[in-house]
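What follows is a set of notes on a single structure, which appears directly below.
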Amino acid sequence: MQDLEIYIRDLEPAAVSNWLEGQLEELQLDDTDVSSVVKGMASYSGARVRITLYPGAFGKRFTSLVMEGDELPWNSDLDCARSAWRAMDTEIRCSPGDWKEGDPVEDDKWWRLDHRGEQLVVWN
């Protein structure tokens, strides 16, 4: 089981489903209201994909998008974030993938993708 997680700033209604329609098959995701948790399903290469949107992550402006499945179109959070940024043209953040349980969160760097490019930044 793989899981990918990205954070989308100022998520617009239907932006995730519009993006994922071109990435996954059999998409079932009603994200016309993104003010509360949204759950959906899809498939990729014949495997089920669970999709969940969690608004209010890291403050009110970001929504966490989690996708879980045995097969996903991207190999890393960063690959997923790049695809999302191209489709939604809003700031996307993701973990660089090297954080481990017990590491101090305040030292943690995140990938930030926006009109300035890709940069490793401290969240705040």
Side-chain angles (χ1 to χ4, degrees):
M1 175 76 71
Q2 281 185 287
D3 71 87
L4 297 175
E5 183 171 19
I6 62 171
Y7 297 85
I8 306 161
R9 184 179 179 131
D10 300 329
L11 180 62
E12 295 289 329
V16 171
S17 57
N18 287 339
W19 164 52
L20 291 179
E21 279 176 355
Q23 311 295 322
L24 302 170
E25 297 103 39
E26 302 171 38
L27 180 65
Q28 299 170 15
L29 180 69
D30 182 1
D31 61 340
T32 54
D33 177 5
V34 291
S35 63
S36 60
V37 173
V38 176
K39 292 182 180 277
M41 299 295 290
S43 66
Y44 184 75
S45 293
R48 260 177 60 167
V49 178
R50 287 195 308 266
I51 304 161
T52 311
L53 293 167
Y54 298 99
F58 284 97
K60 296 181 193 273
R61 298 195 72 175
F62 284 88
T63 298
S64 168
L65 166 62
V66 178
M67 289 183 279
E68 301 167 295
D70 290 334
E71 295 286 332
L72 295 171
W74 308 279
N75 293 320
S76 69
D77 290 347
L78 184 56
D79 288 343
C80 181
R82 286 174 175 144
S83 176
W85 185 80
R86 283 191 297 272
M88 292 185 244
D89 194 26
T90 188
E91 182 178 323
I92 308 288
R93 293 189 182 192
C94 69
S95 167
D98 55 2
W99 184 83
K100 294 174 194 63
E101 194 67 41
D103 284 354
V105 175
E106 59 273 5
D107 298 337
D108 204 17
K109 298 269 189 185
W110 296 79
W111 281 110
R112 179 183 67 203
L113 288 71
D114 62 14
H115 66 279
R116 295 168 286 194
E118 295 180 16
Q119 296 175 307
L120 276 173
V121 298
V122 174
W123 188 278
N124 51 9

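All heavy atoms count here, side chains included; hydrogens, waters and symmetry mates do not. This chain uses plain numbering: 1 for the first residue, then up along the sequence. As the structure is a computational prediction, the values presented were derived from the model and not from experiment.
Taking the six-membered ring wherever Trp is involved, the centroid distance between the rings of Y7 and W123 falls below 6.0 Å.
Counting heavy atoms from C-beta on, the side chains of V38 and T52 never come closer than 4.5 Å. Within the 4.5 Å cutoff, no side-chain heavy atoms of M41 are placed close to those of V49. Taking 4.5 Å as the limit, some side-chain heavy atom of P55 sits within range of a side-chain heavy atom of T63.
Separation of atoms CD (E5) and SG (C80) is listed at 10.0 Å; rounding is to 0.5 Å. Between the CG atom in L27 and the CG atom in L29 there is a gap of 5.5 Å [rounded to 0.5 Å]. One distance of note links CE of M67 with CG of L24; it measures 6.5 Å at 0.5 Å rounding. Separating the CH2 atom in W19 from the CZ atom in R86 is a distance of 10.0 Å, to the nearest 0.5 Å. The distance from atom CG of L72 to atom CG of D3, rounded to the nearest 0.5 Å, is 8.5 Å.
The environment of CD in E12 is sparse: at most 12 heavy-atom neighbours from other residues, nucleotides or ligands sit within 6.0 Å.
Considering all non-hydrogen atoms of both residues, E25 and S45 come closest at OE1-N, 3.4 Å. For the pair A15 and M88, the tightest heavy-atom approach, listed with the atom from each and the gap, is CB-SD, 3.9 Å. Of all non-hydrogen atoms in P96 and L120, the two that sit nearest each other are CB-CD2, 4.1 Å.
Hydrophobic clustering (ILVMFWY, side-chain heavy atoms < 4.5 Å, transitive): I51 and Y44 are in one cluster. I92 and V122 are assigned to two separate hydrophobic clusters, defined by single-linkage of ILVMFWY side chains at heavy-atom distances under 4.5 Å.
The side chain to side chain contact (heavy atoms under 4.5 Å, CB included) with C94 is formed by just one residue from the set D79, I6, L65; it is I6. Across R9, Q119, E118, a single residue satisfies side chain to side chain contact (heavy atoms under 4.5 Å, CB included) together with R112, and that is Q119.
At a threshold of 4.0 Å, the pair E68-R48 does not count as salt-bridged, since none of the basic side-chain nitrogens sits closer than that to a carboxylate oxygen.
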- Task: Could you give me the CA-CA distance, side-chain angles and deciding distance for L113 and L78, then say whether side chain to side chain contact (heavy atoms under 4.5 Å, CB included) is met?
- Result: CA-CA 9 Å; L113 288 71; L78 184 56; 3.9 Å; yes
- List the steps, then state whether side chain to side chain contact (heavy atoms under 4.5 Å, CB included) holds for L53 with K39. CA-CA 7 Å; L53 293 167; K39 292 182 180 277; over 6 Å; no
- Before giving the answer on side chain to side chain contact (heavy atoms under 4.5 Å, CB included), spell out for V66 and L4 the whole-Å C-alpha distance, their side-chain angles and the decisive distance to 0.1 Å. CA-CA 6 Å; V66 178; L4 297 175; over 6 Å; no
- Evaluate side chain to side chain contact (heavy atoms under 4.5 Å, CB included) for W74 paired with R82, printing each intermediate quantity in order. CA-CA 10 Å; W74 308 279; R82 286 174 175 144; over 6 Å; no
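Side-chain contact, W110 with S95: no donor N or O sits under 3.5 Å from an acceptor N or O. Between the side chains of S17 and D31, at least one donor N or O lies within less than 3.5 Å of an accepting N or O.
Remark: R93 is not positioned above the aromatic ring of W111, lacking an NZ or CZ atom under 6.0 angstrom from the ring centre and at most 45 degrees off the axis.
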